[in-house]
2 protein chains.
Amino acid sequence: MAKQEFLSHSEENYLKVIFQLAGQERLKVSTNALADKLCAKPSSITDMLKKLSDKKLISYKKYQGCGLTVKGEVIAIQIIRKHRLWETFLVSKLSFGWEEVHDVAEQLEHIQSIKLIDKLDEFLDFPKFDPHGDPIPDRAGNITYRKSKIKLAEAAINAVVEVVSVDEDSPSLLKYLDEIGLRLGSRIKVFERIPFDSSLKIEIVGVQKMYISEKVADNIGVRFIEKL
Amino acid sequence: MAKQEFLSHSEENYLKVIFQLAGQERLKVSTNALADKLCAKPSSITDMLKKLSDKKLISYKKYQGCGLTVKGEVIAIQIIRKHRLWETFLVSKLSFGWEEVHDVAEQLEHIQSIKLIDKLDEFLDFPKFDPHGDPIPDRAGNITYRKSKIKLAEAAINAVVEVVSVDEDSPSLLKYLDEIGLRLGSRIKVFERIPFDSSLKIEIVGVQKMYISEKVADNIGVRFIEKL
DNA sequence: AAATATTTTTAGGCTCACCTAAATATTTTC
DNA sequence: GAAAATATTTAGGTGAGCCTAAAAATATTT
């Protein structure tokens, strides 16, 4: 058996963030993008990229950005699995609000015990999606992506959509969405896109009509629904 | 409000271990005792004791050992509260065995969120004792010590006692106790103390008669019971 | 109470994950 | 395609928490 050396909290975080920034298209991730997301200076990022590259967890060529190797992606997915299972636990068992779980889950995701996470999965009855609507990888690392999910910002005028995810982990966004009455499962009708700033005139069905900025709309995942 | 600076994982650990080694009599704790328990060299302990002393979390005079200040004790008790609540969670909700929860709880106890731990406490229905029989401090830091708890090693000949705690956190001890059929709530009759090595001839009621070493008996907390 | 043994501290180093400042690649603009 | 702007890397430094080796204080033995 290949010796499973333990990664530091920090190394795990890098892999997770690289996975997230690379997206499903597995784009190369730049040093600066990582620096932004991890709140560290680019020079610090370079240090770590070298280390992760030596450990064959990422592919990295100077000035060319980085991407996960298979080995690195397997680990990243396990971290994300842990993060999302813990978020689910916090919301469904401890009745946290969905907007307040991120920071705690960020700590819990680094607890090292495969048994713990499998037991937790079982305790939660093998949930497929977390409270933000993001898919929870199973223990083998398989991720069930929702079909036809797009960003609200990209929705066609007059479309009726259902909110299935919120991409950003900023508590202030989540709080805002809560305030305007927009949550997972909400239905939204799109009326108009204002050319000047690409803001959207929408109706949160059963709640209110209002305008939302492109930035917010860009962080809301939705899917089309047939009938209202 | 006094600014609540965050303590590192390591600092929290020191406070917890000092609390445990000091015991209810609040004895001074020696550098070597800490080095043993924390698996670090005595010189490293000295470094940290200076730092904790600067932060007014412990009282420390060179060559004289250390003890917790009120401020330090408050923190230590909160760590212990977290540890024992997590152990309880693992055993009663995730059906871990009581002998396998220690290491995981050791990590979980450092998660920083008062809300999390209070919610967990509520979720578990405010348990008073953890799976090892040790008392769980409440959110104010009050600890309900069990009355008349003694070590099995100190029990009188012919006494009949109930096992209420196991002090040592070594998995091998816990495994051994499991193997011989000794668990929390077991009743034990003490027949004889062998003068040569202070080992005990006992009966685990309903299971077997056997000999156990003084070292093992010293790590089992019991209380007298009236009738069998 | 002197000699020996043990405990604890000091002094100086190491690694990790970050930092700043300066140098070098790459990309964009004109 | 050269100049300017931006992105990235290198070089050298920091504090936390550990280490070893040696010195100093305390405890034990005789």
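None of these values were measured; they are calculated from a predicted model. Any value given below was found using the heavy atoms of this structure, including those in side chains, with hydrogens, waters and symmetry copies removed. Order of the sequence lines sets the chain letters (A, B, ...), proteins ahead of strands, with each chain counted from 1.
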ask   = Given the rule that a pair is Watson-Crick or G-U wobble with both distances under 3.5 Å, how would you write DNA chain D in dot-bracket, using | for pairs to a different strand?
value = ||||||||||||||||||||||||||||||
task = Not counting sequence neighbours, list each pair that qualifies as a salt bridge (charged side-chain N to carboxylate O under 4.0 Å, His left out) and has a residue in residues 56-70 of chain A.
result =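 Listed once each, the pairs would be none.
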request  = Write out all pairs satisfying salt bridge (charged side-chain N to carboxylate O under 4.0 Å, His left out) with one or both partners inside residues 27-40 of chain B, taking only residues at least two apart or from two chains.
outcome  =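 Sorted result for residues 27-40 of chain B: empty, none.
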inquiry  = Restricting to salt bridge (charged side-chain N to carboxylate O under 4.0 Å, His left out), what partner residues turn up for Glu109(A), sequence neighbours left out?
reply    =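 Expected list: Lys16(A).
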key: Which residues share a salt bridge (charged side-chain N to carboxylate O under 4.0 Å, His left out) with Lys55(A), sequence neighbours left out   =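 Per chain and number, Lys55(A) pairs via salt bridge (charged side-chain N to carboxylate O under 4.0 Å, His left out) with Glu11(A).
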key: side-chain contact (heavy atoms from CB on, under 4.5 Å) assessment of Ile136(B) paired with Phe126(B)   = CA-CA 9 Å; Ile136(B) 300 173; Phe126(B) 307 104; over 6 Å; no
message = Listing request: all ring-ring contact (aromatic ring centres under 6.0 Å, His included) pairs with a residue in residues 16-67 of chain B, at least two apart in sequence or in separate chains.
response =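 The answer is none; no pair qualifies.
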inquiry  = Under the rule for ring-ring contact (aromatic ring centres under 6.0 Å, His included), what residues qualify as partners of Tyr14(A), not counting sequence neighbours?
reply    =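 Residues passing ring-ring contact (aromatic ring centres under 6.0 Å, His included) with Tyr14(A): none at all.
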message = Counting only heavy atoms and a strict 4.0 angstrom limit, can you tell me which residues of residues 11-20 of chain B come near DNA chain C?
response =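 Contacting residues: none.
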ask   = Going by heavy atoms in the side chains, are Leu85(B) and Pro127(B) under 4.5 Å from each other?
value =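 Touching, per the 4.5 Å side-chain cut-off.
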task = Residues of residues 40-48 of chain B with any non-hydrogen atom less than 4.0 angstrom from an atom of DNA chain D: list those, numerically ordered, please.
result =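 Only Ala40(B), Lys41(B), Ser43(B), Ser44(B), Asp47(B), Met48(B) qualify.
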message = Taking side chain to side chain donor-acceptor pair (under 3.5 Å) as the definition, give me every residue that meets it alongside Arg81(A), ordered by chain and number, with sequence neighbours left out.
response =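 Arg81(A): side chain to side chain donor-acceptor pair (under 3.5 Å) contacts with Asp118(A), Asp121(A).
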ask   = Residues in side chain to side chain donor-acceptor pair (under 3.5 Å) with Lys115(B), at least two apart?
value =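 Partners of Lys115(B) by the side chain to side chain donor-acceptor pair (under 3.5 Å) criterion, ordered by chain and then number, come out as Glu100(A).
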What is the distance from [atom1] of [X] to [atom2] of [N], rounded to the nearest Å?
X: Leu52(A); N: dT9(D); atom1: CG; atom2: C1'; answer: 16 Å
X: Lys50(B); N: dG15(D); atom1: NZ; atom2: P; answer: 16 Å
X: Lys55(A); N: dT15(C); atom1: NZ; atom2: P; answer: 14 Å
X: Lys61(B); N: dA24(D); atom1: NZ; atom2: P; answer: 23 Å
X: Leu49(B); N: dA16(D); atom1: CG; atom2: C1'; answer: 15 Å
X: Leu34(B); N: dT8(C); atom1: CG; atom2: P; answer: 9 Å

Phosphate OP1/OP2 of [N]: any [X] side-chain N/O under 4.0 Å:
X: Tyr60(B); N: dT9(C); answer: yes
X: Ser10(B); N: dA16(D); answer: no
X: Asn32(A); N: dT8(D); answer: yes

inquiry  = Can you confirm if the NZ or CZ of Lys93(B) lies within 45° of the ring axis of Phe123(A) and under 6.0 Å from the centre of its six-membered ring?
reply    =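 The answer is no, since Lys93(B) fails at least one limit relative to Phe123(A).
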task = Check Ser165(A) against Leu184(A) and note the closest heavy-atom contact, atom names and distance.
result =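 Taking Ser165(A) first and Leu184(A) second, the nearest heavy atoms are N-CD2, 3.6 Å.
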query = Any ion pair linking Arg193(A) and Glu214(A) (charged N to carboxylate O, less than 4.0 Å)?
reply =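 Result for this pair is no, no salt bridge flagged.
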task = Could you tell me whether the side chains of Ser10(B) and Ser8(B) share a donor-acceptor contact shorter than 3.5 Å?
result =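 Distance-only check fails for Ser10(B) and Ser8(B).
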Can you give me the N/O atom pairs linking the protein to nucleotides 25-27 of chain C at distances under 3.5 Å, or say none if there are none?
from: dA25(C); atom 1: O4'; to: Tyr63(A); atom 2: OH; distance (Å): 3.2

